[in-house]
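Take a look at the structure set out below.
Ligands are counted one by one from 1 in listed order, and the atoms in each one are counted from 1 as well.
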Amino acid sequence: MLKGKKVILGITGSIAAYKAVYLLRLLVKTGADVQVIITPAGRKFITPVTLSALSGKPVLSEFFANNDGTWHSHVDLGLWADIMIVAPASANTMGKMVNAICDNLLITTYLSAKCPVLVAPAMDLDMFAHPANQRNIELLRSFGAQIVEPGTGELASGLEGKGRMEDPEVIVQRAVDLLESQKKKSLTGKKVLVTAGPTYENIDPVRFIGNYSSGKMGFAIARTLADFGAEVYLVAGPVGLSISHPLIKRTDVVSALEMEAACREFFPLCDAAVFSAAVADYAPAAVANDKLKRTDAEMTIRLKPNPDIAEGLGAKKKENQVTVGFALETSNGEVNALRKIEKKNFDFIVLNSPNKAEEGFMTDTNRITIIHKDHKKESFPLKSKKDVAVDIVTALEKILLK
Ligand code: C5P
């Protein structure tokens, strides 16, 4: 993922410095060429021996090499790097970064760096929340750095709160995303709406009608679109998935009506929409205010149809807007898919089936056929949902860039 990328890993004086060892290992494992710079305070928490063994390079800390008068050029280091990651970033170091207080090599290198900068703060909850620290974080952002917000949990002080350095895996992913977002992408400037996951339709305060959609396919599409440079409006039903990308704006909804309202707001701003949500076709005609009581009698719930979001937006789509639908069919797949293209005015539809264990809902893999409105067909083998997403986004890209 970071193969051949030159990374400066800046480590500061924080208990979370021990996590930087694992972060360094992950960076090296993904193929990065890592130069560690540690602040004098950082050396009190971990020794350069471990860090140099893992990075395969001497760890830099002082301006001057031992006794021979040679010095470490922060200018050369700053220009060498493809990305600079400061993790953990103490309040002290962030304060120095924003005020150009150059009393150590990490700060001088930061000021000389031309590359993107990722900062992962770590400190006690009150320090983190202090307005002085928050102002420094905002200043860092305004200077172009990306902040990996700390997590909430147990802190070294024994207190609970926000201030834990984010996990090394997340920091690596953010570094990959940041480098990706620097490249000129084919869909830069395009905006795409993506619906994902199921909808839940309330019966009473504790029960609902739902379906087994996991949202994995839609989330993979959203991420791939963002990787291609598109700005994504992701409207997600209730799913247990997280996604973090600077180009993805996520809106969480529960019911079909909420999903429809969000889509109506975003679709007019968009060049395209991918409707991958499994929207409930019906909702209870009335939602009981109180929990329904069990009786021995049969029970009937009257249902009313939900709006068809794709059809409603497809009917008024502008000439240059492209829409993509999904058809999950248990039988007569192609006939039904073609019918849906007509009815919902899709440019193409992604046909898949829930009949096999490795396809459709809840799985990590899928086998799709793309059918275009001119009836042209492309069938793909079984792939991971990530790779399927690339096939779908590539088909969309061809239309958008025509
Ligand atoms: O008719 P069917 O539900 O199979 O159509 C599936 C396609 O229509 C999917 O793209 C789905 O996201 C979209 N759809 C929708 N609103 C609904 C039902 C389906 O947007 N109420």
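- In terms of protein heavy-atom proximity, atom 20 (O) of ligand 1 is nearest to A310 N, 2.9 Å.
- For the pair A277 and ligand 1, a heavy-atom separation below 4.0 Å is found.
- When each atom of ligand 1 is checked for a heavy atom of G325 under 4.0 Å away, the hits are 10 (O).
- Per-residue contacts place I309 under 4.0 angstrom from the following atoms of ligand 1 (heavy atoms of the residue considered): 15 (C), 16 (N), 17 (C), 20 (O), 21 (N).
- Any N or O atom pair closer than 3.5 Å counts here, and F275 shares at least one such pair with ligand 1.
- Ranking the protein heavy atoms by distance from atom 6 (C) of ligand 1 puts F326 O, 3.0 Å first.
- Between R223 and D177 there is a salt bridge, with a side-chain nitrogen of the basic residue lying less than 4.0 Å from a carboxylate oxygen of the acidic one.
- Side-chain atoms of N345 never come within 3.5 Å of backbone atoms of A315 as a donor-acceptor pair (strictly under, hydrogens ignored).
- Here the closest heavy-atom approach between residue Y282 and residue E201 is recorded as O-CG, 3.6 Å.
- Using 4.0 Å as the threshold, P307 has a heavy atom nearer than that to some atom of ligand 1.
- When only non-hydrogen protein atoms are considered, atom 17 (C) of ligand 1 lies nearest to V279 CB, 3.5 Å.
- The nearest pair of heavy atoms linking L292 to D204 is N-OD2, 2.9 Å.
- Annotation: A327 places no N or O atom under 3.5 Å from an N or O atom of ligand 1; distance criterion only.
- Heavy-atom separations between N306 and ligand 1 are all 4.0 Å or longer.
- Checked against a 3.5 angstrom limit, the closest N/O atoms of K344 and ligand 1 fall inside it.
- Under 4.0 Å is where a charged nitrogen must lie from a carboxylate oxygen, and between K343 and E311 at least one such pair does.
- Salt bridge status for D387 with K385: absent, with no side-chain N to carboxylate O gap under 4.0 Å.
- Using a cutoff of 4.0 Å between basic side-chain nitrogens and carboxylate oxygens, D347 and K373 are scored as salt-bridged.
- In this structure, E342 contributes its side chain and R339 its backbone to no donor-acceptor pair below 3.5 Å.
- If you check which protein heavy atom lies closest to atom 4 (O) of ligand 1, you get K340 NZ, 2.5 Å.
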